[in-house]
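Below is one structure, written out as structure tokens; comments come after it.
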There are 2 protein chains.
Amino acid sequence: MSSSKRSRPSKPGRAASISDVARESGVSIFTVSAVVNNKSHVGKTLRERVENAIRKLNYRPNLIARSLIKQKTQTIGMIVPDIVNPFFPMVVRGAEDAAQKQGYNLLLCNSDDSLAKEETAIELLLSKRVDGILLTKAAGEFSPALHKTIQEVNIPFVLVMRTYPTLTKDAVITDDYQGAYEAVCHLARAGRNRIGLISGPLRISNAKERWRGFRDALEEKKLPYEPELVVEGDYRIESGFRAGHALLSHRPDGIYVANHLMTIGLLQAVEEMGLKCPEDFGLVSFDDYPWLGVFRPRLTTVELPKHQLGSEAAELLIQRIGGNHGKPVLKKLLPELRIRESCGFAQFVSAEHRRAAPSEPSDASLVNK
Amino acid sequence: MSSSKRSRPSKPGRAASISDVARESGVSIFTVSAVVNNKSHVGKTLRERVENAIRKLNYRPNLIARSLIKQKTQTIGMIVPDIVNPFFPMVVRGAEDAAQKQGYNLLLCNSDDSLAKEETAIELLLSKRVDGILLTKAAGEFSPALHKTIQEVNIPFVLVMRTYPTLTKDAVITDDYQGAYEAVCHLARAGRNRIGLISGPLRISNAKERWRGFRDALEEKKLPYEPELVVEGDYRIESGFRAGHALLSHRPDGIYVANHLMTIGLLQAVEEMGLKCPEDFGLVSFDDYPWLGVFRPRLTTVELPKHQLGSEAAELLIQRIGGNHGKPVLKKLLPELRIRESCGFAQFVSAEHRRAAPSEPSDASLVNK
DNA sequence: GTCGTGTTTCAAAACGTTTAGCTGCGCCTG
DNA sequence: CAGGCGCAGCTAAACGTTTTGAAACACGAC
């Protein structure tokens, strides 16, 4: 049954190759390939012979060889600043879920927000011939050489959570303006009329967007913009603490904080100053995490759709890979206002929450170490 | 200068290949390859001609082709239950750092702790011919077929944070026994002598190890083992809350909690019962995260070396890839007791901490959204 | 008998590298 | 000047697939 053709003998230490299967079952390589990719018409007897040989040899197609000839790796590269930053795991997960669904895998790189590491990573991914790249760009511009490469190379890029004016590529971002706007409107609806802001560094685009949303919401609600109620922080806990002290000394009755870490800092300041959260002032924070569920009062936050951010970016990228050329798209995802207790709707909200677990979204993903 | 040999013409839409460079610079493929891998002896003039051509064509070696012939992909597969589980990002990061350092990349998969997804992922990684696999095994056993495959296939596996008796492979885990032991000894040193335990599910091996450490430490310190002071939870917030109520009703003066989520639950119970932490009882928690820095009192915890877990696993794997065969190794990493305030050493510890930022390890990695 | 048509199978080229083996060539040595 | 030895560079095989074009064969129709 075997050993008809003069195909190469199988190497000892190696995994079985298609020609091993062919030899074992006495057919040509072509036929094996046809069976593996279950092409239409292979005779029943041959098909069975081949299938037996595949099982016997524990044959597994070599996707490297397939990639080489098909010029497709079914792999997408993803570069994030740091997977340890709690913002990103969910984004990566979203991208992986979407990619997986369409038969793609994720090659992950961390840039540490360093341009040099980012360049190395991109070069590497290009050399590995990934089919496309999801990039959360590090701060700063590409080197001219890399910029040229990116424009010329014909693999698609999709920017995640960043846009760069000099780079006309697809991007998927969150609508930070809208998120901030809603946050402030919610405070206003809750009857607050001296609303303060703890902002991120205004040179960063998303901080600026959040500030714009804050300002426009005040205007919309015909509330005064009081400059002493706007404090610029740097997105870290410590700066939230300091900004909190500064801001609270002016006794606002509502605060919107542009990031969850500064909220944590703020709450420490609140404790020190002996103030009470929903009673003395309403609070809306930005970006939500399961562990925030342990804070009292439960925080009303504007949640950024992190999973969706990753999945939509991956889907868009895969569309591009599939040949959908056309104008670059800028996709803005809407954040979601999660009303809990920190604005003073406690009685209503807590009733609703008592039915659910203490922290939501479910902390199921946190278990098992 | 060009067009001497009868090499194939370059395809239009494609990236430049080595033969394009050869044609452009009028040398053979061999010479280009030698220049790219800067092999020893290529004449200076030729080398420069080739280098110019490489720049001109923006040539980038195709690592797919290289992998095919070298039978090495310089890629390692990593399977974790869920990157969104906060335990894993740091482990993945550790693996990536170590891999990167040695010229390897990480292909990441999530198994959701499902055996089926785990199998699919492993099959895929094998087909992609990764050089090795880092696996945090999902609960349960491999299917017989897969088990056989894994034993026969000659790519190395290293288990991360798991060991399986039926699978004789390398493993890198944390020494949970030792961590628990130290935690309880610390409580004893702080003068506590009625120490309770909130344990994980005892069918899980690491929960059992932590329980053993707890019990042996009591014995060592000649303290009584009081069964009503041991409560089994399920590693979730809610169960910590319930266990806390049950446990505190017996008025222990020290508590060791086997996981950080249950600690969060416990602290809610503490608040409800009107107890105070270092005053009424000492507390040591397990596993540390930056955001725990915002709890008051600052928690004394046993930190698992997550980054090291990933990096040591990757290093071991790469050693195996490099051909270091030999008996499977079981590497236990020592956890680190981080003494803060929740055991009653407040005055000493807080002085030391006042110099540093409010939460440590540094929250630098948390910024920028 | 010849021609077309369709089915099943095959041989060989292609993908972009690395590398073993070989060819000249210049230089040294006797 | 013959022989040997490096050196620089080349040719061609190999890696494991997919896929093109064609062969072999059967079956009817003319």
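All values below were derived from every heavy atom in this structure, side-chain atoms included, with hydrogens, water molecules and symmetry-related copies excluded. Below, chains carry the letters A, B, ... as their sequence lines are ordered, and counting in each starts from 1. Small disclaimer: the values here were computed from a predicted structure and weren't measured.
When the P atom of D/dG16 is taken as reference, atom NZ of B/Lys128 falls 18 Å away, rounded to whole Å. Distance CD1 (A/Ile54) to P (D/dT17): 10 Å, rounded to an integer number of Å. We find that CZ of A/Arg60 is positioned 20 Å from P of D/dC15, with the value rounded to whole Å. Whole-Å rounding puts the A/Lys70 NZ to C/dA14 P distance at 19 Å. Rounded to whole Å, the distance from CG on A/Leu68 to P on D/dG16 is 12 Å. With rounding to whole Å, A/Ile18 atom CD1 is found 14 Å from C/dA11 atom P. At whole-Å resolution of the value, CD1 in B/Ile29 and C1' in C/dC15 are 12 Å apart. Summarising the geometry, the separation between CG on A/Asn38 and C1' on D/dT18 is reported as 15 Å, rounded to the nearest angstrom.
With rounding to the nearest 0.5 Å, the separation of CG in B/Leu57 from CD1 in B/Ile18 is 12.0 Å. How far CG of A/Leu108 is from CD of A/Glu96: 10.0 Å, rounded to the nearest 0.5 Å.
Using a 4.0 Å heavy-atom distance criterion, B/Leu63 is classed as making no nucleic acid contact.
Salt bridge status for A/Glu51 with A/Arg55: absent, with no side-chain N to carboxylate O gap under 4.0 Å. Using a 4.0 Å cut-off between charged side-chain N and carboxylate O, A/Asp97 and A/Arg93 make a salt bridge.
The side chain of A/Ser17 approaches D/dT17 more closely than any other nucleotide in the set D/dT17, D/dC15, D/dT19. Of the listed nucleotides (D/dT19, C/dT18, D/dC10), D/dC10 has the atom at the smallest distance from the side chain of B/Ser28. Counting only heavy atoms from C-beta on, B/Phe30 has its side chain closest to D/dC10 among C/dT17, D/dG16, D/dC10. In this structure, the nucleotide among D/dT18, C/dC10, D/dG9 sitting nearest to the side chain of A/Arg66 is D/dT18. In the set D/dA14, D/dT17, C/dG16, D/dA14 carries the atom at the smallest distance from any side-chain atom of B/Ile69. Closest to the B/Tyr59 side chain, of the nucleotides D/dG9, C/dT17, C/dC10, is C/dT17.
For A/Thr75 and B/Lys128, the side-chain atoms include at least one donor-acceptor pair closer than 3.5 Å.
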Residue pair A/Asn58, B/Val153: steps toward the side-chain contact (heavy atoms from CB on, under 4.5 Å) verdict: CA-CA 9 Å; A/Asn58 199 7; B/Val153 94; over 6 Å; no
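Using a 4.0 Å cut-off, some side-chain N or O of A/Ser33 falls inside it from OP1 or OP2 of D/dT18. A close approach under 4.0 Å does occur between a side-chain nitrogen or oxygen of A/Gln71 and OP1 or OP2 of C/dG16. Considering only side-chain N and O atoms, B/Asn37 lies under 4.0 angstrom from the phosphate OP1 or OP2 of C/dT18. At least one side-chain nitrogen or oxygen of B/Thr31 sits closer than 4.0 Å to the OP1 or OP2 atom of D/dC10.
Contact annotation: the side chain of B/Arg129 never approaches that of B/Ser67 to less than 4.5 Å [non-hydrogen atoms, C-beta and beyond].
Annotation: the terminal axes of the helix from C/dG1-D/dC30 to C/dG30-D/dC1 meet at 70°, where each axis is the rotation carrying the C1' atoms of four end pairs onto the next four (5 pairs per end, rounded to 10°).
Put simply, the residue from A/Ser114, A/Ser143, A/Ser111 that forms a side chain to side chain donor-acceptor pair (under 3.5 Å) with A/Glu119 is A/Ser143.
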